[in-house]
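Data first, discussion second: the structure below is written as structure tokens.
Starting from 1, each residue takes its place in the sequence as its number.
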Amino acid sequence: MKDHHKKSPIYVTQPLLPPLEEFIPYLESIWANKILTNGGPFHHQLEQALCDYLGVKYISLFTNGTLALMTALQALRVTGEVITTPYSFVATAHSLLWNGIKPVFIDIDPLTFNIDPGKIEAAITPHTTAILPVHCYGHPCDVDRIEKIADNYGLKVIYDAAHAFGVKKHGLSVLNHGDLSVLSFHATKVFNTFEGGAIICPDAKIKQRIDHLKNFGFVDEVTVVAPGINGKMSEINAAFGILQLKNIDSALARRKAIDTQYRTSLAGTPGIHCLPEDSNETANYAYFPILVQDAYPLERDALYQKLSEHEIYARRYFYPLISDFPMYRGMPSAAPANLPVAQKVASQVICLPIYPTLNQEQVDTIVNLITAPFAR
Ligand SMILES: *Cc1c(COP(=O)(O)O)cnc(C)c1O
């Protein structure tokens with residue numbers, strides 16, 4: 001017999017989708033002008049709208065965040081070794097390997113889960129040319145300390161800002177730090193264009209170079225200046241982005257409310273640690289990570305399993321560490337002994353579901369499952 005009262009599964013995230021009829025006029029416009037890609041009107045419009053919304057000077061749109069990362073490294077001619085974090089999505093380090101660059105992993109800070117700036121200098125060698133930090137879960141890195149070290153040693157800094165859409169510190173966009181910052185607009189991210197990504201550029205010159213690189217290196221019909229790639233965002237994706245941007249503020253407000261509900265109702269649960277908030281930050285509530293620590297009666301994987309038995313599909317972001325995947329684990333810097341904090345956090349973390357259409361009752365259900373061992 002069918003169970004008509006069965007609740008639908010809850011995933012860690014659900015993409016934000018505006019009403020379909022709102023997208024139709026954009027499609028009609030594309031069908032009318034027959035410009036499908038190669039820097040069409042929606043592409044220009046989205047670049048301008050994102051510069052205004054994010055508070056950045058120049059942006060170059062991409063097919064996805066990974067190609068944007070790979071192109072950012074090319075644009076700055078990064079070679080040799082790059083210092084990065086093991087605690088991220090695997091694309092961070094893969095973008096280095098695709099460029100023939102060796103990732104050098106350093107440990108993370110136990111409070112922010114971003115690279116520990118105190119560990120950078122010891123990892124620098126004559127081959128080091130850049131640092132590739134991640135604003136993990138959208139929480140800004142210690143950008144001032146990283147910049148100081150980079151300046152002292154003549155290193156480039158590229159931020160993987162895939163989680164940091166709209167994040168501000170002291171009222172200013174975190175995306176303006178470093179030589180370049182890279183965003184992802186994948187379906188799972190706070191702001192999505194189905195697939196998509198972008199590079200934030202500090203000046204018109206570097207934007208121009210990046211615009212050439214994402215279009216095979218073409219400067220004009222007959223001139224190719226670099227072995228570029230095809231990283232261009234299509235007009236459909238750009239049009240969708242323009243529409244999404246109209247809903248972003250209400251989506252962020254809803255995420256903030258969910259974050260508050262989790263924080264308040266999980267507070268005081270023994271062995272459940274939530275990341276502290278920073279009053280200097282305008283967060284985007286992209287993720288809601290918790291650490292399952294010793295005082296909790298279940299191991300992390302047991303809690304993860306229990307949630308999935310109730311059709312709540314949380315994710316262990318980031319487990320396994322990038323440095324534990326086969327193409328990295330033989331590297332000296334990938335040794336677990338070099339990365340004790342990252343190893344520990346990866347063994348304890350669960351990211352709970354958070355997305356604009358997740359309702360209060362669903363959050364209650366998730367919280368009740370987590371706090372059940374202590375229920376009276
Ligand atoms: C999502 C993500 C990427 C990759 O972006 P895509 O748009 O999926 O290619 C890179 N780095 C981090 C930290 C991410 O979360």
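- Contact of the His273 side chain with the Gln348 side chain is not registered, since no non-hydrogen atoms from C-beta on lie closer than 4.5 Å.
- Between the side chain of His170 and the main chain of Asn280, no donor-acceptor pair closer than 3.5 Å is present.
- Heavy-atom minimum distance, Glu47 versus Ser60: OE2-CA, 3.4 Å.
- Side-chain N/O atoms of Asn237 and Ser234 include a donor and acceptor closer than 3.5 Å.
- For the pair Glu22 and Lys246, the salt-bridge criterion is not met [side-chain N within less than 4.0 Å of a carboxylate O].
- A donor-acceptor pair under 3.5 Å links the side-chain atoms of Lys306 to the main chain of Leu369, judged by distance alone.
- Applying the 6.0 Å contact sphere to CZ of Arg254 captures more than 12 heavy atoms from other residues, nucleotides or ligands.
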Applying side-chain contact (heavy atoms from CB on, under 4.5 Å), run through Ile149 and Glu121 and close with a yes or a no.
-> CA-CA 7 Å; Ile149 296 166; Glu121 285 190 86; 3.9 Å; yes
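- Cys274 SG to Ile272 CD1: the interatomic distance, rounded to the nearest 0.5 Å, is 8.0 Å.
- Residues Tyr53 and Asp249 bring a donor and an acceptor atom of their side chains to less than 3.5 Å of each other.
- With hydrogens and angles ignored, the 3.5 Å screen pairs no side-chain donor or acceptor of Ser88 with any backbone N or O of Thr85.
- Residues Ile322 and Ile83 are members of separate hydrophobic clusters, defined by side-chain heavy-atom contacts under 4.5 angstrom among Ile, Leu, Val, Met, Phe, Trp and Tyr.
- By the criterion of side-chain heavy atoms lying less than 4.5 angstrom apart, applied directly or through intervening Ile, Leu, Val, Met, Phe, Trp or Tyr residues, Ile290 is not grouped with Phe318; the two fall into different hydrophobic clusters.
- At least one cation-pi condition fails for Arg255 and Tyr355: the charged atom is not both under 6.0 angstrom from the six-membered ring centre and inside a 45 degree cone around its axis.
- Side-chain contact between Val78 and Ile101 is present, with at least one heavy-atom pair separated by less than 4.5 Å.
- Here Asp211 contributes atom CG and Ile199 contributes atom CD1; the two are 9.0 Å apart, rounded to the nearest 0.5 Å.
- Side-chain atoms of Ser184 and His186 form no donor-acceptor pair, as typed in the model, at a separation below 3.5 Å.
- Asn215 contributes no side-chain N or O that, together with a main-chain N or O of Gly217, makes up a donor-acceptor pair within less than 3.5 Å.
- Residues Val12 and Ile10 do not share a hydrophobic cluster, clusters being chains of Ile/Leu/Val/Met/Phe/Trp/Tyr side chains in contact below 4.5 Å.
- Heavy atoms from other residues, nucleotides or ligands lying under 6.0 Å from NZ of Lys169 number more than 12.
- Between Tyr285 and Leu252, the closest side-chain pair of non-hydrogen atoms is not below 4.5 Å.
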Kindly determine whether Phe62 and Leu69 satisfy side-chain contact (heavy atoms from CB on, under 4.5 Å), including the steps that lead there.
-> CA-CA 10 Å; Phe62 274 78; Leu69 274 173; over 6 Å; no
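- With values rounded to the nearest 0.5 angstrom, His43 atom NE2 is found 9.0 Å from Asn38 atom CG.
- If you take CD1 on Ile30 and NZ on Lys34, they are separated by 12.0 Å, rounding to the nearest 0.5 Å.
- Counting only heavy atoms from C-beta outward, the side chains of Ile210 and Leu180 approach each other to under 4.5 Å.
- Minimum heavy-atom separation, Pro353 to Tyr262: O-OH, 2.7 Å.
- Within 6.0 Å of NZ in Lys168 there are 12 or fewer heavy atoms belonging to other residues, nucleotides or ligands.
- Here the side chain of Glu235 pairs a donor or acceptor atom with the backbone of Phe42 at under 3.5 angstrom.
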Worked check of side-chain hydrogen bond (donor to acceptor under 3.5 Å, both in side chains) between Asn247 and Ser250 = CA-CA 6 Å; Asn247 301 308; Ser250 60; 5.1 Å; no
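- Looking at heavy atoms from C-beta onward, Ser265 lies out of side-chain contact with Thr371 at the 4.5 angstrom threshold.
- A 4.5 Å side-chain heavy-atom check between Ser323 and Met331 finds every atom pair outside the cut-off.
- Under a hydrophobic-cluster definition in which Ile, Leu, Val, Met, Phe, Trp and Tyr are linked whenever side-chain heavy atoms come within less than 4.5 Å, directly or via other members, Val56 and Leu76 are assigned to different clusters.
- In this structure a side-chain-to-backbone donor-acceptor pair under 3.5 Å is present from Asp179 to Val157.
- Residues Leu61 and Leu46 come closest through the heavy atom pair CD1-CD2, 3.8 Å.
- Under the 4.5 Å side-chain heavy-atom criterion for ILVMFWY residues, a single connected hydrophobic cluster contains both Tyr304 and Leu298.
- One side chain, Asp364 or Gln261, offers a donor N or O that lies under 3.5 Å from an acceptor on the other.
- Separation of the Phe105 and Tyr328 ring centroids falls under the 6.0 Å cut-off.
- Using bins of under 30°, 30° to 60° and over 60° for the plane-to-plane angle, the ring pair His163/Tyr287 lands in the tilted bin.
- Under the 6.0 Å cut-off for aromatic ring centres, Phe194 and Phe240 qualify, their centroids lying closer than that.
- Other residues, nucleotides and ligands contribute only 12 or fewer heavy atoms inside 6.0 Å of the CG atom of Asp294.
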Do Tyr159 and His135 pass the ring pair (Phe, Tyr, Trp, His ring centres under 6.0 Å) test, and can you show the C-alpha distance, the side-chain angles, and the key distance before you say yes or no?
-> CA-CA 7 Å; Tyr159 283 104; His135 299 300; 4.6 Å; yes
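- A side-chain donor-acceptor contact under 3.5 Å links Thr260 to the backbone of Lys256.
- Residues Asp301 and Gln305 bring no donor and acceptor atom of their side chains to less than 3.5 Å of each other.
- Ring orientation note: the planes of Phe191 and Phe165 are close to parallel, at an angle under 30° on the 30°/60° scale.
- Taking CD of Glu361 as the reference point, atom OG1 of Thr365 lies at 6.0 Å (rounded to 0.5 Å).
- For Ile354 against Ala286, the heavy-atom pair with the smallest separation is CG2-O, 3.6 Å.
- Counting only distance, with no hydrogens or angles, the side chain of Arg145 and the backbone of Asp116 share no donor-acceptor pair below 3.5 Å.
- The 12-atom threshold is not exceeded at CD of Glu299, counting heavy atoms of other residues, nucleotides or ligands nearer than 6.0 Å.
- With a 4.5 Å cut-off on side-chain heavy atoms, Tyr58 and Pro202 do not count as touching.
- The two atoms that bring Leu132 and Ser95 nearest to each other are CD2-OG, 4.2 Å, heavy atoms only.
- Looking at heavy atoms from C-beta onward, Thr63 lies out of side-chain contact with Glu195 at the 4.5 angstrom threshold.
- Separation of atoms CD1 (Ile200) and CG (Leu50) is listed at 7.5 Å; rounding is to 0.5 Å.
- Considering all non-hydrogen atoms of both residues, Phe185 and Met233 come closest at CD1-CE, 3.9 Å.
- In this structure, the side chain of Glu281 does not engage the main chain of Asp278 through any donor-acceptor pair within 3.5 Å.
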Can Thr125 and Glu81 be said to form a side-chain contact (heavy atoms from CB on, under 4.5 Å), step by step?
-> CA-CA 8 Å; Thr125 77; Glu81 295 177 5; 2.9 Å; yes
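- At distances below 3.5 Å, not a single donor-acceptor pair connects side-chain atoms of Asn99 with backbone N or O atoms of Leu73.
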Test side-chain hydrogen bond (donor to acceptor under 3.5 Å, both in side chains) on Thr193 and Gln244 and set out the steps.
-> CA-CA 8 Å; Thr193 58; Gln244 287 287 62; over 6 Å; no
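- The aromatic rings of Tyr137 and Phe113 stand perpendicular to each other, their planes meeting at an angle above 60°, with 30° marking the opposite boundary.
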